[in-house]
Amino acid sequence: MGSTGQKAERGVRIAIDRGGTFTDCVGNPGSGKMEDDVLIKLLSVDPENYDDAPLEGIRRLLSKFEGKEIPRGEPLDTSKIESIRMGTTVATNALLERKGEDIAMVVTRGFKDCLEIGNQSRPNIFDLAIRKPEVLYKKVVEIDERVTLEDYAEDPQRTNTDAASIEKAGTDAELVKGLSGETVRILRRPQEEHIKNQLQEVYDSGLKSIAVCLMHGYTYPNHEALVGKIAGEIGFTHVSLSHELMPMIKIVPRATSACADAYLTPAIRKYIDGFQAGFEGGLGSESVKKEQGAKGARCEFMQSDGGLVDVDIFSGLRAILSGPAGGVVGYALTSYDPETKTPVIGFDMGGTSTDVSRYGNGRYDHVFETTTAGVTIQSPQLDINTVAAGGGSRLFWRNGLFVVGPESAGAHPGPACYRKGGPLTITDANTYLGRLLPDFFPKIFGKAEDEGIDEEASETLFKELTKEINNEIAGSSKEKEMSMDEVAYGFIKIANETMTRPIRSLTEARGHDTSKHRLATFGGAGGQHAVAIAEALGISQILVHRYSSVLSAYGMALADVVDERQEPESKVWSEKDDVRSFLKDKMDELKRKSTATLKDQGFEEGNIHFEEYLNMRYRGTESALMIVKPTEDEASSLYDGDEMAYGKAFIRQHEQEFGFTLPDRDIIVDDVRSRGIGKTFEGLEKTVDQQLKEIKPKDLGKDEKQYDKRSVYFEGGRQDTAIYKLEDLAVGDRIKGPAIIADGTQTIVVTPEATALLINTHIVINIGDSGAMDKKVNTEEVDPIMLSIFAHRFMAIAEQMGRALQKTSVSTNVKERLDYSCALFDANGGLVANAPHLPVHLGSMSTCVKKQAEIWRGKLKKGDVLVSNHPMFGGTHLPDITVITPAFSGDSIVFYVASRAHHADIGGILPGSMPPHSRELFQEGAHIKSEKLVSEGHFNEERIIDLLLNEPAKYPGCSGTRCLADNLNDLKAQIAANQKGINLISTLIEDYGEEVVQFYMHNIQDNAELSVRNLLKDVSKRFEGQDLSAVDFMDDGSPIKLKITIDGEKGEAVFDFNGTGPEVYGNTNAPEAVTYSAIIYCLRCLIKEDIPLNQGCLKPIKVNIPKKCFLSPSGTAAVVGGNVLTSQRVTDVILKAFQACAASQGDTNNLTFGFGGNVQGEDEVKGFGYYETIAGGSGAGLDWDGTNGVHTHMTNTRITDSEVFERRYPVILREFSLRAGSHGAGQHKGGDGVVRDIEFRIPVQVSILSERRVYHPYGLAGGEDAECGLNYWVRKVPKVEGSDTDSQNNGDADKEERYINLGAKNTASMKPGERIIVMTPGGGGWGEPGKASQSKQHEREDPKHGWRGGSVASRQAEAEASA
């Protein structure tokens, strides 16, 4: 276990990982040699035998090393112990089970609901019963204080106001320089006495732990510090201040982090106190320094960032990934060679989760905003992502497809073979196929807990499932029947496909090629899947550490002690000395503090090393990259010897990760971060590569060293497979597959084309050229396994296009708000797969692609790309620009790919291109019918500039686009995303052949059609064959009328919109494509299961939309509101006809503001445009309550964080909270809308485009309607004589505030100090008020709730919300 860099050196070293099921212990008597290590595995919870598993593990290790049994309950002698290192799931479990400390949150007035609203998106876009994670606090205290930032990032003048620093500014200064270097304006100072009374009340209610997060506390911490001081005086036992935990911008993740810390730290302290009580002499660096009494032992806990920290300063926020972090450290330090620099992908597959991570360049990948158990945390964490539910993933046959997970059998009842009556799982499939060996499984099952796994239980359930599948696919034809082996193996293949998709994303999203990695597998179930996973990723070598089943504990033994420090900054990076020396001084100060802390823990200066980082981004973007200071080697080879070349390193990494740079933009430094590392070992044994160089492999003979033989199923059939016991094998032994290598803790499957070589530290599996993997696929009959695989592959293409677009785009709309969609189409433009980013784009893109395919038939060449946004050509509204690329095979088009993104401005009469009063299409900006954006690889820049900038300005009162650079960058990002799709399709065709790909593309559409037909048959039975009908009204009185006639025999339906109102002289006209999107969305919600979203969904549906009604308007009609407002009302009407749920807010509350433009005849004014959509309440249903403050139905875009909003724009957000009482009452109540109150600091043009300001969101089944929305303009007007208005006039003695109702759609020129208040509608209620609630929301546990989320998890939650 290596020699230590700490002063005291004596005796036993112990490393422990307390997992959910097992606690693993690795002990070394002090020699540091691997052969002297002792491994112990025991149950984490075994109350009949011991109270605490880690303590019991230490007792057993000390008994072994001392050669005598230490009785249970006797305090353990710390003088024999040099160090204890531990990773624990205490924090994770408390978070998962919501069993932390009861806490209160203290926040700035106006933001009490900031965590409930979050970013306003919903986790699963197709779930009508929206479930958002519960907040962690019991109570909220709003403090009457406020600061804001004086300057704003989007200022075309780049104004930079100066002020004195916090230390030098007087107590009455209105302007001060914050910690980040930004100038802060103090609007309202907190009143101490008032805060004291508020906190005393909380304390008296029994809450003793609080979290404090105030607006802009990251840069101006004084107000938070004051609250902390008062809380300490009152006697709160724990106070978490957000600026101390993580001084980074973004109030929502920072407040959540403060809450998580206040919620979890007391639980951890309680656990540690109990643990410490079991020792004589105490634990931690302080106890080691004691002069008198029993000497203590060093004790460190693993943090989420992969570093150890002294027991006395271990906190809840940093503990969330404590256990899995050890595993990453374990494989990183044992599998990576700094000489060869081959990066490693870590694959940790356990019983209840599969975690994936990556290690390259000799340093850990950290992320700073992650989601675990529904809680978004802002804190440095290793980028560990849960990608599947592990061996316990359940198996289903649904709608003609094989489905694996995400539901899990959990630890209890566990898989069917665990003898507790559990369901079929991956573990059962491995058992049935002979890949799991009962002899090597611990005998802990059955009533007496002394039996092995039950192979018969797995077989019985597979027999039943195979019968069900054959009845459906084969009917009476015996030839088409599948064997049980084929069914079980089919599920294994789908499981592997489900896991490889996110692994590929994790590596490729960062610009890395998966095939250039090694796969390090650990965890109980990893060995059974590693070879297949590696093959799918193009990886040729797998490393399985000898300690792979206890690798997390082993990682604790190897890890370093870390001290992380970070401060906010706002400097513009420059190569000039003054900026560099300023940042260097700031870094040196952080390093000085870290050195003092680490020395205090017993480290000598020579063993303290630093990683230095600057968190950097381009101005106007929010995608910051954490840039590490170049090493000496990197500096000399890449940056002319300049070790401070952060700017060049940022540009290089930006190019690698996002595919572009922005040479004309400033680079902003957001944070300065130092990671102090106390080195605790001086290198390990030889690396894998050194061992492989030296080893002389010896191929084992036919029956040599075999423990047993058994029949195991591989691709193509069962084969006699040799079984080896790991302890019987010697270093240098090489085994040819098929084989299984096992010991008491792991089972490694070596496939027929692979070989396994034993080296000192690992089993190295080399994957041969898999001839048996020849992908000859029959296109006569549909193979349900291949159909399921292709469903994954097609969807993966659309998803990876989406990620490429988000990654390479520049605008806030695409990168942060995620207002885009990507899809894959057949040669006729029929939808094949649509990554479900935004429902409103679901069916509508297909109309566009079909139209363009017809127009350009026979005229397109390789390298051509089309662009269109016109409503008559399949567009929805003009800001949504669609980019289409054909995929060729020879000279014929085999596929199309398309991406659609919302551009922040494309010209027209108002900034933001969402004018509330447009009457004609030209007023809404550039309208492009059908153009070549790229001709044979050449980007037609002049033409697109003409279309976006000059053409719109030719119309009266109109400007061209106000942000051309962003438009061009985003269009290039769309082209790149499409190219990504083309490349992936080409790979698929290379793998399987064009005929097979086309065959399954059409069959996947047939599969979706089948699902919709089954739904319609069920609905017909439920309504006993009656026609369904509904009507609702737009605020202008226009009716949307729908009659649905279902043929219950065939499973077909006619959606007839006869009776819908005529085209309107306004902008709520909706192109036909919008109605098709609404129909697909509603059908998918009603099916309640994952089905492929494609053209097949609409095959059983005939849609009748009368021409010239406002759902089928003329080519010149204004349509901007059709996409965002009418689409919501169409959805309401369809769901009302199906009696599915009460109305949601029925609105997206589109708010735009800005200034500038190039109106003809006037000088061009440089300005900005901002666009957001605002959440409301969701409707209640048969067994659920509505949800507060969330986006519903046709949109799911996120809202800009309140602090970022004020940093970027000249605004003060006065309030963003829930609108209490706006829901419809009922047996199940609807959700509340929100209140958003924005004050403008400069003159701007403000526009609101909204609905449900006249007609209420309806209740159903006796439930009451919800409140309508309201839009107020708070004007500063001259005071009228005798006015009794309460003048909240901030010093304007001759002015008064007047509230003016703007109505649903309006625009106004607002002056500094004026405000817009948007109050959004609630959701309707269900069932008569007073009836007992039948809500089953609490029973609907989201199977992904407990998944760890690194960067990809959050990306996927955003982009593939329904996957």
Side-chain angles (χ1 to χ4, degrees), residues 22 24-26 34-42 64 334 349-351 391 417 427 430-445 450-455 520-531 542-551 553-554 685 688 691 695-714 718-767:
F22 290 105
D24 301 328
C25 311
V26 180
M34 193 172 175
E35 57 267 30
D36 295 336
D37 288 349
V38 174
L39 274 56
I40 288 177
K41 211 175 184 69
L42 65 162
K64 195 167 181 72
T334 58
M349 187 174 181
C417 59
T427 300
N430 278 316
T431 303
Y432 179 70
L433 295 171
R435 291 160 168 244
L436 266 185
L437 312 171
D439 292 10
F440 289 88
F441 231 86
K443 295 193 168 20
I444 52 171
F445 305 105
D450 58 357
E451 296 177 76
I453 53 174
D454 181 358
E455 291 179 281
T521 177
F522 51 109
Q528 293 127 56
H529 295 262
V531 175
I542 299 163
L543 305 179
V544 189
H545 196 275
R546 283 178 182 262
Y547 289 175
S548 78
S549 66
V550 294
L551 198 60
Y554 192 59
E685 301 85 357
V688 170
Q691 293 177 62
I695 207 151
K696 293 182 172 52
K698 170 186 171 289
D699 290 321
L700 289 188
K702 194 162 179 259
D703 297 320
E704 198 182 340
K705 296 191 180 179
Q706 276 187 23
Y707 166 76
D708 198 1
K709 252 198 165 87
R710 72 181 303 187
S711 170
V712 178
Y713 189 91
F714 292 97
R718 284 192 177 256
Q719 298 191 30
D720 277 348
T721 303
I723 293 167
Y724 297 90
K725 270 175 115 165
L726 186 53
E727 62 252 41
D728 295 344
L729 300 172
V731 170
D733 284 352
R734 184 161 61 194
I735 296 162
K736 284 197 168 68
I740 291 177
I741 304 169
D743 64 9
T745 58
Q746 58 185 339
T747 306
I748 301 158
V749 175
V750 185
T751 58
E753 301 79 41
T755 61
L757 170 67
L758 257 82
I759 60 174
N760 203 24
T761 53
H762 291 74
I763 299 153
V764 180
I765 300 174
N766 290 304
I767 298 171

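Hydrogens, waters and symmetry mates are skipped; everything else that's a heavy atom, side chains included, is used.
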Salt bridge (Lys or Arg N to Asp or Glu O under 4.0 Å) filter on D699, not counting sequence neighbours, yields R734, K736
Given side chains that start at C-beta, do those of Y554 and L39 come closer than 4.5 Å, heavy atoms only? no
Donor-acceptor contact present, side-chain R435 to main-chain T427, <3.5 Å:
no
In this structure, NE2 of H529 is separated from OG1 of T521 (nearest 0.5 Å) by 9.5 Å
Legend entry - Under-4.0 Å salt bridge between R546 and D743: no
Exercise. If you draw a 6.0 Å radius around NZ in K41, do more than 12 non-hydrogen atoms from other residues or ligands fall strictly inside?
Worked result: yes
Self-check item: Side-chain heavy-atom pair R710, L437 within 4.5 angstrom cut-off
Solution: yes
Worksheet item: Are T751 and I767 close enough that some pair of their side-chain heavy atoms sits under 4.5 Å apart?
Response: no
**Asked** With side chains defined as the heavy atoms from C-beta onward, is the minimum distance between D733 and Y724 less than 4.5 Å?
**Response** no
query = Angle class for the F440/Y707 ring planes (parallel below 30°, perpendicular above 60°, tilted otherwise)?
reply = perpendicular
CD1 (I735) and CD (E704) are apart, to the nearest 0.5 Å, by 10.0 Å
Nearest heavy-atom approach of F522 to S548 is CB-O, 3.2 Å
